[in-house]
Undergrad: 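Sharing a structure below in structure tokens format, with a few things to ask.
Letters A, B, ... are given to chains in the order of the sequence lines, protein chains preceding strands, and every chain is numbered from 1.
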Amino acid sequence: MIEFTKFCLDNGLRVLAHEDRSTPLVSINILYDVGSRDEDPQSTGLAHLFEHLMFGGTPGIPEYDKHLQLAGGENNAFTNSDITNYYISIPAHNIETGFWLESDRMQLIDFSERNLEVQKKVVTEEYNQRYLNQPYGDAMLLLRPLAYSKHPYKWPVIGSDISHIEKIGINEIKRFFFSHYAPNNAILSVTGNISPDRVFKLAEKWFGPVKERKLKERHLPAEPLQTQKRILQVEREVPSSAIYKAWHMCRRDDPDFMTLDLITDLLSGGESGRLSTKLVKKEKLFSEINAYLTSDIDPGLIILYGKLMDGIEPEHAGERVDEVINELMNKYAPAREIEKVKNKFEASAAIGNLNILTKAFNLAYFELLGNPELVNKQVELYRMTDRDSVIETSGKYFMESNCSTIYYKSSGRNRQ
Amino acid sequence: MNRNETKGPVVKQASPGTIPEARCIRLKNNIPVFIIEAGSEKVIRLEFIFDAGHLREDKPLVASVTNLMLTEGSSYHSSSYINNTLDWHGAFYNQYTERDRAGFTICFLERHIEKLLKLSREILLNPAFPERELNILLSKRYQQFLISREKVQNLALEKFFNSVFGNHPYGKMIRLEDFGKIRPDGLRDFHSKYYVPGNMAILVTGSIPAAMIDLLDDSFGGLPVSVVPRNLNEYPIGLSRKRISIEKKNAIQTAVIVGSPTINKCHADYPGLKIVNAILGGYFGSRLMKNIREEKGYTYGITSSVTSLKMSGYKIISAEVNKKYAQATIDEIFKEIRTLQKKPVGKEELKVVKNYMLGEMVRMFDGMFALAESFRSIWDFGLDNSYFYRFEEKIKSINAEEIISLADTYYNIDDLYVITAG
């Protein structure tokens, strides 16, 4: 149970506080309601590049990291399709340094040409390291544009092409900052060894003076209904072939989300998941196989991917995957199996609550979704899933006409 | 200080304060149990630690495959029963094989303690090593091994360990044909020697039920304790060739590794070496990170670390860099090491690294997972919390001269191996 208090500053900043005296630390999480879906199609990768620039100093504080380290703090950030999220872990007695640093860079950053040039190179190397120089690394870069035709989820967070990053200029950076980084577009959550009262006083003191800004309105094109299956075949120099599949799903705040989440656990949660039991252990088609939800706020994707054993044809393995999927729609899942995935969800929620950073993020995220109270209702809500809703929900999303598939074939050139 | 720089709130150096002590209790048959209470949720983490790491294996894969086969069927139950039962109870578990030790970690809601303790005992002490499951596991692992060798970072790492530790179990490379040599009998033999009550310890962290010891005694305390073979390994000796480049065609980046064997935690200089390492490349504000990433943009990240092993230790600097800049990166790494040896660390930089490391020390004891990890990091070497207090003292007291002297002693340029893959 995460007991929390909520408060809103006059400039629109929403603040959530949760006290946990079992730790000597405090976590500060700042979520900005901007992600890669807010980019122009010609400037993909901007939101993530911008996250890098947020560490490049401000007119008042040239070195963000140095001051946080002096206070014994540690920090990091991530960008996804929907949000850009910054977080700090800091000893409780130095908490005010965190407020100082975060409010300062919400106010203004240095729009340094030099820093921009260096961070473009760093992001290019990140692109290389994570996607281009890894076996199978480009698969997700191919899957999104296959599954989406209109919605900005069609490009990956890192950017659809590195040339987009290279072209971004300082004026575009400035525009992005002033239209997305603002108290009225952010959620601050603070958890750990601190009273809610102190959190609000500090929030008022440091973030209060930051002026509200006029935000860029969000008008995203809806993804048209997919009516036909899509298939892409590629050949790469990898040791074994692989399959990637994606089905369109509901929005993050739709009740079907929870059922689908549990369905992916039925498929691949732990060693006892259906895909692993049937297709890895029994039929020896795959060396590994997994299913998960992208968990995006707008309608996201159910993703399933597997790497094949040597000599197995992707089309054949794909048919077997379809049969496992069809079983979800045609046959009641045993009560014990449904109970199993619910139990696992309950345990993972409890384990998540051991960590003040996780609690801070969850509070901010559920606030963004519209109701922070839901953070404490997840286990109860997931428990409502039953065998009928599994059949019904599977039937709603796992149609062949709603699916995109990549057959990622090994060229055979580096088989051993 | 920059002319316009604003002055922030006054900061105070952090301190971990009094570090929680693990309570040590022995089961009826003398198995040591360490208990640290922590956390606000009804969650327990159990770790069963065996002296059954790579150090104990006579050929590659034996230690790790024995460990992975623990959940693949017991004398009483099938692999599918075991996996289903673990998942049904919402258990998050991890089987690990390190150079020195191997084990099984399981984390779950307190109410499942009885069932999961019994199952853990069965997994750990009564595995059956069924042939069918073994073959599946080996072919899976074989595929994953082929994939891992497509990554430049793995190619360089593998060659690095082989270079610094030679043919010792710490450095032995896995070859494709090793997969074909693993048989159930070999695993059973390894298991019967090393996965035995006389060779294990149990670490319990989290929310501890009152009957914890009785429950552990019920499951583990009645087992007879046998004699465990002694470790007969010699200390590792590195290979003489210090520069190796592995070619991987079509690679876009080059993995660069610079490092060498070094002292471990039991040496008095170890805390000082950790501080030198932090300045060089051990945190985001380190010199290598600032130079190679934040000034030159050659890489997404470069790190330097020092690791202790029972029979050795190593330091390693590693990065995946744009292949155009591989040599330039190596040159800069050497330049930064020479600078550390010649030029005293400035006051401000020293203060930043000290304060940062003290903050890290607070995080090392925050919560049941961090506490368990920190406990293992000293217990593995026969040390106790006094190691951490010495470490804290060293962070507070170290000065620029001492850093130069440590850098001179432990970053001898001629000792360093340089491995690239790409």
Undergrad: Under a 4.5 Å heavy-atom cut-off, does chain B meet the side chain of K307(A), its backbone, both or neither?
TA: side chain
Undergrad: Got a second to check how far N84(B)'s CG is from S272(A)'s OG, nearest 0.5 Å?
TA: 4.5 Å
Undergrad: Using the side-chain contact (heavy atoms from CB on, under 4.5 Å) rule, pick out the option among Q253(B), K151(B), Q153(B) that qualifies with N133(A).
TA: Q253(B)
Undergrad: Go through the side-chain N and O atoms of Y300(B) and E126(A) and say whether any donor and acceptor fall under 3.5 Å apart.
TA: yes
Undergrad: Quick check for you: among P135(A), G270(A), G273(A), which has the greatest number of heavy-atom pairs under 4.5 Å with chain B?
TA: P135(A)
Undergrad: Could you measure the distance from the CG atom of L146(B) to the OG atom of S287(A)? Nearest 0.5 Å is fine.
TA: 9.5 Å
Undergrad: Which bit of L68(A) is near chain B, if near means a heavy-atom gap under 4.5 Å: side chain, backbone, both or neither?
TA: neither
Undergrad: Heavy-atom cut-off 4.5 Å, strictly under: side chain, backbone, both or neither for S348(A) against chain B?
TA: both
Undergrad: Top residue by heavy-atom pair count (under 4.5 Å) with chain B, among K284(A), E346(A), E339(A)?
TA: E346(A)
Undergrad: Less than 4.5 Å to any heavy atom of chain B: does that hold for the side chain of D65(A), its backbone, both, or neither?
TA: side chain
Undergrad: Could you check whether atom NZ of K12(B) has more than 12 heavy atoms from other residues, nucleotides or ligands sitting under 6.0 Å from it?
TA: no
Undergrad: Counting C-beta onward and ignoring hydrogens, is there a side-chain heavy-atom pair between E41(B) and I351(A) closer than 4.5 Å?
TA: no
Undergrad: Could you look at V280(A) and say if it's the side chain, the backbone, both or neither that has a heavy atom under 4.5 Å from chain B?
TA: both
Undergrad: Is it the backbone or the side chain of D20(A) that comes under 4.5 Å from a heavy atom of chain B, or both, or neither?
TA: side chain
Undergrad: Among R111(B), R141(B), E349(B), R45(B), who wins on heavy-atom pairs under 4.5 Å with chain A?
TA: R111(B)
Undergrad: I'd like to know which of G73(A), A71(A), A92(A), P91(A) tops the heavy-atom pair count under 4.5 Å against chain B.
TA: G73(A)
Undergrad: Out of I82(B), V352(B), V362(B), return the one with the most heavy atom pairs under 4.5 angstrom to chain A.
TA: V352(B)
Undergrad: Measure distances from I90(A) to the heavy atoms of chain B and classify the residue's part below 4.5 Å as side chain, backbone, both or neither.
TA: backbone
Undergrad: Indicate yes or no for a side-chain donor-acceptor contact from N355(B) to the backbone of L70(A) under 3.5 Å, with no hydrogens or angles considered.
TA: yes
Undergrad: Would you mind telling me which of H52(A), M1(A), K342(A) has the largest number of heavy-atom pairs within less than 4.5 Å of chain B?
TA: H52(A)
Undergrad: Are the side chains of R114(A) and E295(B) in touch, meaning some heavy atoms are under 4.5 Å apart?
TA: yes
Undergrad: Using the side-chain contact (heavy atoms from CB on, under 4.5 Å) rule, take Q69(A) and M357(B) through it: C-alpha gap first, then chi angles, then the decisive distance, then the call.
TA: CA-CA 8 Å; Q69(A) 286 149 2; M357(B) 288 185 86; over 6 Å; no
Undergrad: Which bit of K296(B) is near chain A, if near means a heavy-atom gap under 4.5 Å: side chain, backbone, both or neither?
TA: backbone
Undergrad: Distance from N322(B) atom CG to T124(A) atom OG1, nearest 0.5 Å?
TA: 9.0 Å
Undergrad: Working to the nearest 0.5 Å, report the span between CD of Q129(A) and CD of E320(B).
TA: 4.0 Å
Undergrad: Which residues from residues 86-95 of chain B are near chain A, with near meaning under 4.5 Å between non-hydrogen atoms?
TA: D87(B), W88(B), G90(B), A91(B), F92(B), Y93(B)
Undergrad: So which part of N94(A) gets closer than 4.5 Å to some heavy atom of chain B, the side chain, the backbone, both or neither?
TA: side chain
Undergrad: In terms of heavy-atom pairs under 4.5 Å with chain A, which of E133(B), K351(B), E294(B) leads?
TA: E294(B)
Undergrad: Look at the side chain of E125(A) and the backbone N and O of G297(B), then say whether any donor-acceptor pair between them is shorter than 3.5 Å.
TA: no
Undergrad: If I measure from the heavy atoms of chain A, does E110(B) come under 4.5 Å with its side chain, its backbone, both, or neither?
TA: neither
Undergrad: When you compare the side chain of Y298(B) with that of V122(A), does any pair of heavy atoms fall below 4.5 Å?
TA: no
Undergrad: Of the backbone (N, CA, C, O) and the side chain (C-beta and beyond), which part of E337(A) lies under 4.5 Å from a heavy atom of chain B, both, or neither?
TA: neither
Undergrad: With rounding to the nearest 0.5 angstrom, report the OG1 to NZ distance, T299(B) to K121(A).
TA: 12.5 Å
Undergrad: Measuring heavy-atom distances to chain A, does I252(B) have an atom under 4.5 Å in its side chain, in its backbone, in both, or in neither?
TA: both
Undergrad: Taking only residues two or more places apart in sequence, or in another chain, which ones meet T277(A) in a side-chain hydrogen bond (donor to acceptor under 3.5 Å, both in side chains)?
TA: none
Undergrad: By a 4.5 Å heavy-atom criterion (distance strictly below it), what part of T85(B) contacts chain A: side chain, backbone, both, or neither?
TA: neither
Undergrad: Given that the side chain runs from C-beta out, which part of K323(B) has a heavy atom under 4.5 Å from chain A: side chain, backbone, both or neither?
TA: neither
Undergrad: Suppose we screen for salt bridge (Lys or Arg N to Asp or Glu O under 4.0 Å). Which residues come up paired with R363(B), at least two apart in sequence or across chains?
TA: E74(A), E360(B)
Undergrad: Sort Y136(A) into side chain, backbone, both or neither according to what part of it lies under 4.5 angstrom from a heavy atom of chain B.
TA: side chain
Undergrad: Just so I understand: if I count every heavy-atom pair under 4.5 Å between each of R132(B), H112(B), Q144(B), Q13(B) and chain A, which residue has the most?
TA: R132(B)
Undergrad: Just so I understand: if I count every heavy-atom pair under 4.5 Å between each of L101(A), N343(A), N355(A) and chain B, which residue has the most?
TA: N343(A)
Undergrad: Roughly how far, to the nearest 0.5 Å, is CD1 of I61(A) from OG1 of T6(B)?
TA: 4.5 Å
Undergrad: Determine the option with the most heavy-atom pairs under 4.5 angstrom with chain B, choosing from K120(A), R21(A), Q134(A), E117(A).
TA: Q134(A)
Undergrad: Identify which part of V43(B) has an atom lying under 4.5 Å from any heavy atom of chain A, answering side chain, backbone, both or neither.
TA: side chain
Undergrad: Distance only, no hydrogens: is a donor on one side chain within 3.5 Å (strictly under) of an acceptor on the other, for E288(A) and Q143(B)?
TA: no
Undergrad: Chain A heavy atoms under 4.5 Å from V321(B): which part of the residue, side chain, backbone, both or neither?
TA: backbone
Undergrad: Give the minimum heavy-atom separation between H93(A) and A14(B), together with the two atoms involved.
TA: NE2-CA, 3.7 Å
Undergrad: Side chains of W206(A) and P9(B): closer than 4.5 Å at any heavy-atom pair?
TA: yes
Undergrad: Evaluate side-chain contact (heavy atoms from CB on, under 4.5 Å) for V238(A) paired with I147(B), printing each intermediate quantity in order.
TA: CA-CA 7 Å; V238(A) 287; I147(B) 294 168; over 6 Å; no
Undergrad: Kindly write out the residues that satisfy side-chain hydrogen bond (donor to acceptor under 3.5 Å, both in side chains) with K281(A), not counting sequence neighbours, or none if the list is empty.
TA: E271(A)
Undergrad: Which atoms of S139(B) come close to chain A, meaning under 4.5 Å heavy atom to heavy atom: side chain ones, backbone ones, both, or neither?
TA: both
Undergrad: Less than 4.5 Å apart, any side-chain heavy atom of P24(A) and any of D366(B)?
TA: yes
Undergrad: Side chain from CB out, backbone as N, CA, C, O: work out which of these in E63(A) comes under 4.5 Å of a heavy atom of chain B, or both, or neither.
TA: side chain
Undergrad: Using non-hydrogen atoms and a 4.5 Å limit, figure out which bit of M361(B) sits close to chain A: side chain, backbone, both or neither.
TA: neither
Undergrad: Is any side-chain heavy atom of E348(B) closer than 4.5 Å to a side-chain heavy atom of K66(A)?
TA: yes
